[in-house]
Amino acid sequence: MKHSLAKRYGAILAGMTAFVGCCVLLVNLYYLDRYASESISSGQQQLTSAMEKQMMRDADVIATTLAKGLDFAVYNNDFSAIQEQLEDLKAENHILYTYIYDTDGTLIHDGTVEMSTFGEPASRYLPEGITATNHSEIKKIGQYVHVAAPITVGGTTFAILRIGITYNAAENDILSFRSNLASQATLLRNNIVITSLSVIAMFLGAAAFIVFLLSQHLLSPIRQLVERCRLYTMGEAHTQFRLDRDDEFGLLGDALEEMKGAIGQSQKQVERLAYLDPLTHLPNRRMFNEELQRLITWAEESEEQVAILFIDLDHFKQVNDVAGHDVGDKLLKQAAKRLENLLASAASRMDMPVAENLLLSRLGGDEFVMMLPGYKHTAVLSDIAGRIERVLDESFMIDGNHFNVSASVGITLYPEHGTHITDLLKQADIAMYAAKQSGRKRYRFYEAEMNNKVVSKMLIQQGVREALARNDLFLCYQPIYDLKNNELIGAETLIRWKHPEKGMIPPSNFIPVVEKTDLIVPLTIWVLEHACKDLVKHILPRRPRFKLSVNISGAAMKDTSIRKEINQIINRYALPSRCLHLEITETSMMENIKYCTDTLNEWKNSGADIWIDDFGTGYSSLSYLHTLPIDGLKIDRSFVSDIHPNNTNQVIETIIALANSLGLETISEGIETPHQQQQLDAMGCDFGQGYLFARPDRIQNLIHQLDTELQYEEQ
Ligand code: C2E
Ligand code: MG
Ligand code: MG
């Protein structure tokens, strides 16, 4: 193991033990040595002093006793008796000398038979420092005790006995005792050293043993748990953390097991969240894909069929824009509930082998998808699709308000239409798109022919969305003239799309496609915003009464948000009245007639003029022309192109007469020849635009034209 606690703490324990042991040993040895040397020398001193005292006492006793024993022999000068007594004493090794001298200090006897010193002064033979005293005396000089004892008879001293005794032997004994003691102390010291080292060694052994125990009983469960944690981290979800112990490690194992449980729970929750749509709690795209894959495998093996119903809410964006995302979310939840209920009732009624595998999922936004495995007839699918239309067509009650959306449904079938998830989903989406393009609130089964048509439309839609984001769109302006005096009075704003690969794409190729989708809303806002900006920045400063026309798709009229936004833009740019014309084609106006009155009135109130574009092609009712707040009619190009030198156009005359009677202005588009211009003027048409005057071009061209006219006027 990389960082073994046992080794680390074992080394620390051993080091500490050795260190403390050595310190204790050294301190003990120091005190022992000190104590031993002090004890030995003080013992020696005490012994020596005791011995000396004893020696002196003994010498005194010997001398006194001998002096008493010699009194009569000395008194009688019985030298042989004296010699007899002294001889015994002198035989002793430690007796240095024996002398008897009289009170004058003259030697009487020296203990020998010869008595060669007789009559001589005692001081001559006595050792240095010793005098021939007449009284008792004990004196120690060097290793000798010199003692004098008076010899008395009848209380009178008439001689003195003097003896010299050496205690050399005793002192040698003491010295050998001392060396004995010293060697004992050394022995003891060695014993202590050995004992201490043994104790240290034992401690080290104990430390090693403790380390062993630690690693066996304490660290091995930790290692076990670490190993299991590692396995668990590597994905072994069934790893057990519980240890069969009733100590703290057992508790730790239990705690880890509990933690594993909690992690498992949160993992399940995360997985659930990863597979569920958080808003509706329906399976999300991921789960749908996995389930579909599973069912495709099942259908392949059991030769069954699987249907996929792609459901998209119509105009859901408007709910979001108008009422806010909270309401949009609530509507989605309610829609999900309705679809769920529908699926549940369908499951109970339908004869499907895997009814429990019917699946409703939310792919995102307002897109739901239903998976029906094992259906027997497409009639069942038509029935369910019809039901879906109906349940979603019922209005939604949210926060006390009613909201209406509908649904477009595309249906694709496995294996008839495809065998891969992506193909099936794409085809269901195409079928749904086709349903939307053919008027919404309907269902369509996928057909191979749809592919080209729908796909190209889808590509256009996608392309416009990207063009909006990438600024690949720009505006052109086609001048409008007063037909009476050829004066430039305004211009029509026409959108252009410069595709990065395909080049210029005319509006007739993408506007009709976009109009069928909610994308028309941001597109219209984009055009209006840019047109107003150009008007305020470049045009009005040069020509204050200029009239700028902007094409507004009828489809945008029913969108409440665009209505409001158009008002806001007009107000924001503070445009003078009558300088902004909103052109709405007659056809789209009639298609959205129920929204027209309110919408047109609102715009009119904001200061814009309303013109009907492509007039004459849309069969508008005269009563509408009378009641709607319209300012002018734009005669369709097809009527103008019919004007030839030998042919005046009755329709144009009628339109102009109608406009005059209603007090409306008239403008003709598509004027290509001077004859057409003259005829229109002669018929009473007010204004005109066409290639005869100018083609639609960038704002710079219009600015240039206005500047040239200004210069001309100034001259
Ligand atoms: P429109 O509003 O009727 O615009 C007039 C169309 O006639 C323009 O085609 C213009 O270029 C073309 N034109 C003008 N003078 C002549 C002429 O003398 N001869 C011929 N043959 N054509 C002439 P363009 O620009 O291709 O626009 C086609 C249609 O696309 C427009 O018809 C309009 O309905 C729609 N559109 C264009 N821009 C927008 C826009 O910004 N929003 C909306 N909603 N629709 C737009
Ligand atoms: Mg127009
Ligand atoms: Mg037109």
Side-chain angles (χ1 to χ4, degrees), residues 460 464 467-468 472-481 483 490-498 504-535 547-559 562 566 569 580-589 591-592 608-618 620 631-643 652 655 666-677 680 685 687-699 701-702:
I460 286 174
V464 171
L468 268 173
D472 287 342
L473 302 171
F474 66 93
L475 295 180
C476 275
Y477 296 93
Q478 185 178 34
I480 298 174
Y481 293 85
L483 291 181
E492 179 177 10
T493 312
L494 294 159
I495 193 166
R496 295 290 177 263
W497 175 13
K498 188 155 194 271
M504 291 299 279
I505 301 178
S508 50
N509 281 13
F510 65 91
I511 292 284
V513 177
V514 173
E515 273 179 337
K516 292 220 164 60
T517 71
D518 293 329
L519 192 60
I520 189 63
V521 177
L523 186 82
T524 308
I525 299 295
W526 187 91
V527 171
L528 188 64
E529 181 81 46
H530 284 75
C532 288
K533 210 185 274 174
D534 283 346
L535 182 63
K547 295 171 192 294
L548 190 69
S549 294
V550 176
N551 291 290
I552 303 287
S553 166
M557 279 203 295
K558 56 188 164 198
D559 186 294
I562 197 176
I566 286 175
I569 292 170
L580 181 69
H581 287 184
L582 300 181
E583 286 187 19
I584 297 126
T585 61
E586 188 183 20
T587 320
S588 68
M589 201 157 168
E591 278 169 7
N592 300 289
D609 273 9
I610 313 290
W611 285 29
I612 299 184
D613 200 0
D614 302 340
F615 192 78
T617 56
S620 51
D631 300 283
L633 305 178
K634 201 168 195 181
I635 300 164
D636 191 65
R637 199 168 65 230
S638 57
F639 303 117
V640 176
S641 62
D642 274 355
I643 303 175
I652 297 177
I655 292 173
T666 46
I667 172 173
S668 295
E669 60 179 17
I671 304 174
E672 293 182 353
T673 63
H675 177 76
Q676 287 168 348
Q677 183 200 352
L680 286 164
C685 180
F687 312 113
Q689 67 184 94
Y691 296 165
L692 174 69
F693 305 103
R695 286 181 179 261
D697 211 334
R698 300 257 192 177
I699 182 74
N701 224 15
L702 184 63

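First listed ligand is number 1; within each ligand, the first listed atom is number 1. Heads up: numbering here begins at 1 and tracks the sequence.
Atom OE1 is the N/O/S atom of E583 found closest to the Mg ion (ligand 2). Its N, O or S atom nearest to the Mg ion (ligand 3) is what matters here, and for D613 that atom is OD1.
At a threshold of 4.5 Å between non-hydrogen side-chain atoms, the residues S549 and Q689 do not count as touching. Residues T587 and D614 form no side-chain contact, since every pair of their non-hydrogen atoms from C-beta on lies 4.5 Å or further apart. Using a 4.5 Å heavy-atom threshold, the side chains of L582 and I566 count as touching. Counting only heavy atoms from C-beta outward, the side chains of V550 and V527 approach each other to under 4.5 Å.
Computed with the Mg ion (ligand 3) at the centre, the D614 OD1 to E669 OE1 angle is 130°, stated to 10 degrees. At the Mg ion (ligand 2), the angle from OE2 in E492 to OD1 in N551 is 100° when rounded to 10°.
Put simply, CG on L548 and CD on E583 are 9.5 Å apart, with the number rounded to the nearest 0.5 Å.
By the 30° and 60° cut-offs, the orientation of the rings of F693 relative to Y481 is parallel.
Screening D613, T617, I612, D636 for a side chain to side chain contact (heavy atoms under 4.5 Å, CB included) involving T585 leaves a single residue, D613.
Sorted by chain then number, the residues whose non-hydrogen atoms approach ligand 1 to under 4.0 Å are Q478, E492, L494, I495, R496, P507, I511, V527, N551, S553, D613, D614, R637, E669, G670, I671, E672, G690, Y691, P696.
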*F615/I635 under side chain to side chain contact (heavy atoms under 4.5 Å, CB included): CA gap, chis, key distance, verdict*: CA-CA 5 Å; F615 192 78; I635 300 164; 5.6 Å; no

